[in-house]
Amino acid sequence: MANTQPMDRQAVYDDYERARQTFRRLLDAATDADLARPTHGTRWTNKQLLWHMLFGYMIVRALLVLVRVFGRLPRSVGKAFARLLDAATIPFDFINYAGPVGAVKVHGPRRMGATFDFHHRQLTLSETARP
């Protein structure tokens, strides 16, 4: 059953902005040694985990399109796609881990901050343009 309640867009934008400010604060406060430390609960360093968080913002616009498309298709199509995603779990897990490991070699903290700001701005603008 579809949710018929109107979405509080301002609350969503406020959450986007809080996430952006927190991300920038973490980057600005972290030393090179802090970023190189291993995280708790993952195999990544702090820098790799921050990049993984950034990547989430980089792909969210594409994911929103998928949600809109699958929301209009018959439920059976969505279920078939979900089965396909489940079947791809093992390769996805490897790519999900390896991506940040390689990405931080070219995305330093300054570039990560600028990239996060760019995608935050794009996400906010594209959602503002929606009726």
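The figures that follow rest on heavy atoms only: side chains count, while hydrogens, waters and symmetry mates do not. For the single chain, residues carry numbers from 1 onward in sequence order.
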_Determine whether Val106 and Arg111 satisfy the following criterion, side-chain contact (heavy atoms from CB on, under 4.5 Å), listing intermediate values before the conclusion._
CA-CA 9 Å; Val106 295; Arg111 188 168 176 197; 4.2 Å; yes

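- With rounding to the nearest 0.5 Å, the separation of CD in Gln21 from CG in Leu26 is 12.0 Å.
- Residues Leu50 and Phe23 approach most closely at O-CE1, 3.3 Å, considering heavy atoms.
- Counting side-chain heavy-atom gaps under 4.5 Å among Ile, Leu, Val, Met, Phe, Trp and Tyr, Phe118 is found in no cluster with other residues.
- One finds the NE2 atom of His120 at 10.5 Å from the OH atom of Tyr13 (value rounded to the nearest 0.5 Å).
- A pairwise comparison of heavy atoms in Val101 and Gln48 identifies CA-NE2, 3.6 Å as the closest pair.
- The structure places OG1 of Thr124 at 11.5 Å from CZ of Arg9, a figure rounded to the nearest 0.5 Å.
- Contact record, Pro91 with Ala88: CD-O, 3.2 Å, taken as the closest heavy-atom pair.
- Classified by interplanar angle (parallel below 30°, tilted 30° to 60°, perpendicular above 60°), the ring pair His107/Trp51 is perpendicular.
- Arg24 places a side-chain N or O within donor-acceptor distance of the main-chain N or O of Gly113, the cut-off being under 3.5 Å.
- Here the CG atom belonging to Asp117 is positioned 11.5 Å from the CD atom belonging to Gln122, to the nearest 0.5 angstrom.
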*Would Lys47 and Asp32 count as a side-chain contact (heavy atoms from CB on, under 4.5 Å) if you check the C-alpha gap in whole Å, the side-chain angles of each, and the deciding distance to 0.1 Å?*
CA-CA 9 Å; Lys47 186 177 179 183; Asp32 288 341; over 6 Å; no

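- Contacts of Asp14 classified as side-chain hydrogen bond (donor to acceptor under 3.5 Å, both in side chains), with partners at least two apart in sequence or in another chain: Gln10.
- Under the 4.5 Å side-chain heavy-atom criterion for ILVMFWY residues, a single connected hydrophobic cluster contains both Leu63 and Phe70.
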Result block: side-chain N/O donor-acceptor pairs under 3.5 angstrom for residues 76-83, not counting sequence neighbours:
none

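- Residue-environment remark: CG (Leu85) exceeds the threshold of 12 foreign heavy atoms within 6.0 Å.
- Tracing side-chain contacts under 4.5 Å through hydrophobic residues (I, L, V, M, F, W, Y), one never reaches Phe92 starting from Tyr97; they form parts of separate clusters.
- Nearest heavy atoms, Asn96 versus Trp44: O-CZ2, 3.2 Å.
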_Please determine whether side-chain contact (heavy atoms from CB on, under 4.5 Å) holds for the pair Leu123 and Leu64, giving the CA-CA distance in whole Å, both sets of side-chain angles, and the decisive distance to 0.1 Å._
CA-CA 10 Å; Leu123 182 60; Leu64 286 171; 3.8 Å; yes

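- Leu66 and Ile95 sit in two unconnected hydrophobic clusters of ILVMFWY residues. Membership requires side-chain heavy atoms under 4.5 Å apart, directly or through other members.
- Checked for salt-bridge contact, Asp34 and Arg37 meet the test: a charged N lies under 4.0 Å from a carboxylate O.
- Side-chain atoms of Thr22 do not come within 3.5 Å of backbone N or O of Ala19 as any donor-acceptor pair.
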*Would you please test Arg18 and Asp15 for salt bridge (charged side-chain N to carboxylate O under 4.0 Å, His left out) and show each step?*
CA-CA 5 Å; Arg18 269 191 296 279; Asp15 283 345; 2.2 Å; yes

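- Taking the six-membered ring where tryptophan is involved, the planes of Tyr57 and Tyr16 are perpendicular, since the angle between them exceeds 60° and thus also 30°.
- Hydrophobic clustering (ILVMFWY, side-chain heavy atoms < 4.5 Å, transitive): Val12 and Val67 are in distinct clusters.
- Residues Pro109 and Leu35 come closest through the heavy atom pair CG-CD1, 3.5 Å.
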